[in-house]
Amino acid sequence: MRIGIIGAGQLGQMLGFAARDLDMECRFVDPAENPPATACGKVIKSGFDDPVALVALADTCDVITYEFENVPVDALLHVEGIAPVYPPAAALRHSQDRLDEKKLFDALEIPLPGYHAVDTRADLNDAADKLGLPMVIKTRRLGYDGKGQFVAKSANDLDAAWDELGGQALIAEQWVPFDYEVSCIGVRSVGGEVAIYPLSGNVHVDGILRISRSPVDEPDLTAIASKYVHSLLEHLNYVGVLALELFVTGDKLLANEFAPRVHNSGHWSIEGSETSQFENHLRAITDLPLGSTASTGHSGMVNLIGEIPATTLSLQTGHLHDYGKTPRPGRKLGHITVVADSAEERDRLVDLIDQSVTQRI
Ligand code: AMP
């Protein structure tokens, strides 16, 4: 079985490592010089939208998947007649446009923050009237890790928001004074089998994920989030791993966004779950039975952003993943996972690692 993966970054690399254990072969398309997944299989060095490269991939692979959500939908449509493409292009289309995504949440009765489409400067005033301030203005497309976002705290900020982001399709969102953020990762196979991982509690700094902890000891929230992920998976006739990010306010959940791929907030599952998200994604798209999503302990994950300090190598605890990327400020270069017998011990270890890492950033 050969898997074609569009993108050869760290998610492709971790899919590649999981594939090796399942005796599957991987082949990638990526424009970068020496991307992280190079160690996991042949990389066709080409743009994600290059029809020649994508056809070459589809011609030589049994199934096609992708590791990031800015793959052009047309590129998927171009090859899906040659080899099956999972997750389905329709899921990718919704996730690429924040307005479409929110309309989908609405249609599925998944609660979400108030929003207003913004195409003109006047729309910003209408949004502020409707949603109140502060509000977050985001680009509808191609945003990631908090990029393409502006928090308007008062009406005086609206001109600056427009100067920074105006001229492209935008969306304004109600500001959510959340208690914390969680994500719920689910997986659905070609045959329709569904499995859901325990919730991850996520801490973002400057819009970038810094820490995940799982499970979250909130059975009611877990049940509600699982229900939302189930409805997305079924509605989209989805195949593969999907991650839904949510804000927690009291006993309520509000959906922020979903990613039609394996997700950074599920990296702990490599060591902390009976079956990692990467293995289950591969099982799902090749129509194998899904593996158990039960946790093997209390997991924590700390992202290594901008640099991998030498101190991380001498840490006496945790499992280091170095993606082999060139350091750059704000770039995810690796992560460290711990799995402990109790939530308290996990939190102690996560704090220790976080301090050792952030002192150097
Ligand atoms: P996003 O790119 O939409 O995932 O946003 C990145 C991060 O910004 C989120 O994980 C939150 O920490 C924060 N954020 C985004 N939207 C909102 C919102 N409407 N209210 C409060 N914080 C937000």
Side-chain angles (χ1 to χ4, degrees), residues 11 68-70 91-92 94-106 110-118 123-124 126-154 157-158 161 164-165 168-185 199-214 216 221 225 228-229 232 241-250 252-268 301-303 305 330-332 335 354:
L11 300 177
F68 79 126
E69 65 258 43
N70 289 333
L92 183 67
H94 282 296
S95 76
Q96 284 182 346
D97 182 332
R98 290 187 190 270
L99 184 60
D100 269 11
E101 189 177 36
K102 288 178 194 309
K103 286 181 179 168
L104 176 66
F105 290 150
D106 270 337
I110 298 173
L112 71 162
Y115 61 92
H116 191 78
V118 173
D123 290 337
L124 268 186
D126 294 344
D129 289 344
K130 176 174 154 189
L131 307 173
L133 291 161
M135 67 179 183
V136 196
I137 300 125
K138 302 180 180 176
T139 56
R140 271 173 59 179
R141 301 178 65 83
L142 298 175
Y144 70 99
D145 284 347
K147 292 188 174 56
Q149 302 194 8
F150 192 106
V151 180
K153 297 195 173 107
S154 76
D157 294 335
L158 296 182
E164 191 170 313
L165 298 176
Q168 55 194 324
L170 303 174
I171 188 163
E173 282 176 33
Q174 209 166 33
W175 177 255
V176 181
F178 53 78
D179 301 329
Y180 56 100
E181 295 180 81
V182 295
S183 56
C184 184
I185 295 178
L199 282 187
S200 293
N202 303 323
V203 179
H204 293 84
V205 178
D206 298 332
I208 305 180
L209 182 67
R210 172 67 64 82
I211 292 171
S212 290
R213 297 180 179 87
S214 184
V216 176
L221 292 182
Y228 297 158
V229 169
L232 278 166
V241 161
L242 175 148
L244 175 63
E245 295 186 65
L246 305 124
F247 302 121
V248 180
T249 53
K252 295 206 168 43
L253 288 170
L254 295 174
N256 178 26
E257 61 181 2
F258 80 91
R261 55 169 170 77
V262 287
H263 197 253
N264 193 171
S265 67
H267 287 2
W268 58 267
M301 189 250 9
V302 180
N303 262 345
I305 300 164
R331 198 174 198 203
K332 291 174 180 170
H335 70 269
D354 189 36

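Counting starts at 1 for both ligands and their atoms, in listed order. The figures here come from the full heavy-atom set of this structure, side chains too, leaving out hydrogens, waters and symmetry mates.
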Which is closest to atom 12 (O) of ligand 1 in terms of heavy atoms, Glu181, Glu245, His204? Glu181
Using a strict cut-off of 4.0 Å, indicate which atoms of ligand 1 neighbour a heavy atom of Val176. 18 (C), 20 (N), 21 (C)
Please determine whether any non-hydrogen atom of Met135 lies less than 4.0 Å from an atom of ligand 1. no
Taking all non-hydrogen atoms of both residues, which atom of Gly250 and which atom of Asp179 are closest, and how far apart? N-OD2, 2.6 Å
Where the closest heavy atom to atom 14 (N) of ligand 1 is concerned, which of Tyr115, Phe247, Tyr180 has it? Phe247
Pull out every atom of ligand 1 sitting under 4.0 Å from any heavy atom of Asn256, numbered as shown with elements. 1 (P), 3 (O), 4 (O)
Are the side chain of Asn303 and the backbone N or O of Leu209 linked by a donor-acceptor pair below 3.5 Å? yes
NZ of Lys130: more than 12 outside heavy atoms within 6.0 angstrom? yes
Do the side chain of Ser95 and the main chain of Pro260 share a donor and acceptor less than 3.5 angstrom apart? no
Close-contact set for ligand 1 against Val136 heavy atoms, below 4.0 Å: 17 (C), 18 (C), 19 (N)
Just to verify, which of Glu173, Lys138, Glu164 counts as forming a side chain to side chain contact (heavy atoms under 4.5 Å, CB included) with Gln149? Lys138
State the atoms of ligand 1, each with its element, that fall below the 4.0 Å cut-off from a heavy-atom position in Phe178. 12 (O), 21 (C), 22 (N)
Do any nitrogen or oxygen atoms of Trp175 lie less than 3.5 angstrom from nitrogen or oxygen atoms of ligand 1? no
Name the one of Arg261, Arg141, Arg98 that satisfies salt bridge (charged side-chain N to carboxylate O under 4.0 Å, His left out) with Glu69? Arg261
